[in-house]
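The model shown is predicted, which means the values in this text are computed figures rather than measured ones.
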Amino acid sequence: MIDFARVQKELVECSKDSEGSGIKVSQKSDDLVQLIGTIPGPIGTPYDGGTFQIDITLPEGYPFEPPKMQFKTKVWHPNISSQSGAICLDILKDQWSPALTLKTALLSVQALLSAPQPDDPQDAVVAQQYLKDYQTFVSTARYWTESFAKTSTRGIEDKVQKLVEMGFPEAQVRNILEAVGGDENLALERLL
């Protein structure tokens with residue numbers, strides 16, 4: 001059975017430090033089973049400047065079983081599937097410990113962006129490119145970050161204005177748009 005009191009406490013802890021770390025976890029729906037994690041791309045990497053959304057599903061046995069995490073934002077990385085967003089990371093599998101939290105798991109995913117492990121790939125094509133043609137890998141990873149992990153401020157402002165014109169409070173609109181990665185339709189669903 002999921003320890004919902006612990007999950008609630010973890011969400012509060014993440015929100016306290018989100019300004020400093022850039023790592024956020026929010027509810028995807030009313031329950032505490034489906035969550036969305038947000039991590040900033042590490043500085044000095046091809047992912048720098050990007051904001052990456054990760055779907056988090058808590059299994060029945062959480063915190064004794066690892067959370068299921070999958071990139072919602074497309075990312076070009078040897079240990080992340082470019083097709084499905086599946087993540088190859090030991091702490092999300094057999095190295096999980098109940099002492100770890102959602103935040104530490106997201107920090108580990110962020111660290112994985114900084115230090116790819118091409119010898120234990122999730123995406124063999126990306127791993128081969130990383131090993132054989134590193135410059136092309138970096139260019140492709142930067143391009144994917146620009147294309148999928150950066151939202152233009154102007155686009156967000158247009159969405160905020162549209163939703164405010166529908167009668168929703170601006171602060172709430174901004175928070176929800178940020179939580180859903182700028183997806184206007186998903187934001188509208190959450191507002192209703």
Side-chain angles (χ1 to χ4, degrees), residues 7 10-11 14 18 21-29 31-42 45-60 62 65-96 100-131 136-152 155-156 176-187 189-190:
V7 175
E10 286 190 41
L11 292 177
C14 270
S18 66
S21 69
I23 292 176
K24 297 177 186 136
V25 180
S26 57
Q27 290 176 243
K28 193 174 185 179
S29 58
D31 64 26
L32 286 171
V33 176
Q34 301 290 323
L35 306 168
I36 290 267
T38 307
I39 61 172
T45 70
Y47 314 103
D48 192 352
T51 301
F52 297 87
Q53 300 253 305
I54 298 167
D55 276 325
I56 303 169
T57 304
L58 299 181
E60 243 338 277
Y62 185 82
E65 291 174 39
K68 292 178 181 13
M69 293 188 175
Q70 182 174 345
F71 270 83
K72 187 174 165 189
T73 308
K74 289 177 78 67
V75 60
W76 190 255
H77 189 283
N79 307 107
I80 301 157
S81 170
S82 58
Q83 301 299 309
S84 69
I87 304 167
C88 181
L89 183 62
D90 58 359
I91 68 153
L92 295 179
K93 295 184 175 82
D94 57 340
Q95 295 301 308
W96 175 259
L100 298 171
T101 64
L102 295 170
K103 183 174 180 180
T104 55
L106 288 170
L107 282 165
S108 295
V109 170
Q110 186 185 41
L112 183 66
L113 289 177
S114 295
Q117 302 294 317
D119 296 328
D120 183 22
Q122 175 71 38
D123 195 312
V125 172
V126 180
Q128 281 305 307
Q129 187 184 64
Y130 182 91
L131 292 168
T136 302
F137 161 78
V138 169
S139 298
T140 306
R142 267 199 198 110
Y143 176 78
W144 278 43
T145 300
E146 291 291 329
S147 301
F148 304 114
K150 291 187 177 179
T151 52
S152 83
I156 292 290
I176 289 176
L177 270 172
E178 184 179 329
V180 297
D183 184 323
E184 192 174 349
N185 293 326
L186 203 54
E189 281 177 30
R190 296 265 301 266

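None of Lys72, Lys68, Lys28 except one satisfies the salt bridge (Lys or Arg N to Asp or Glu O under 4.0 Å) rule with Asp55; the exception is Lys28. Between Gln27 and the options Val33, Val7, Leu35, Ile36, a side-chain contact (heavy atoms from CB on, under 4.5 Å) holds for only Leu35.
Looking at every heavy atom in both residues, Asp123 comes nearest to Ser82 through OD2-OG, 2.6 Å. Nearest heavy atoms, Val138 versus Pro46: O-CB, 3.9 Å. Heavy atoms only, all atoms of each residue included: Ile91 and Ala105 are closest at CD1-CA, 3.8 Å. Across His77 and Leu112, no two heavy atoms sit closer than the pair NE2-O, 2.8 Å. Scanning all heavy atoms of the two residues, the minimum distance from Pro78 to Val126 falls at N-CG1, 3.4 Å. For the residue pair Asp48 and Thr145, the shortest heavy atom distance occurs at O-CG2, 4.2 Å.
Listed for the Tyr47 side chain is no donor-acceptor partner under 3.5 Å among the backbone atoms of Pro40. Using a distance-only test at 3.5 Å, with no hydrogens or angles considered, no donor-acceptor pair links the side chain of Thr45 to the main chain of Ser114. No donor-acceptor pair under 3.5 Å is formed between the side chain of Gln122 and the backbone N or O of Ala86.
Between Glu178 and Thr38 the shortest side-chain heavy-atom distance does not fall below 4.5 Å.
Ring planes of Phe52 and Phe71: perpendicular class, angle over 60° (limits at 30 and 60°).
Taking NZ from Lys24 and CG from Leu11, the interatomic distance works out to 14.0 Å, rounded to the nearest 0.5 Å.
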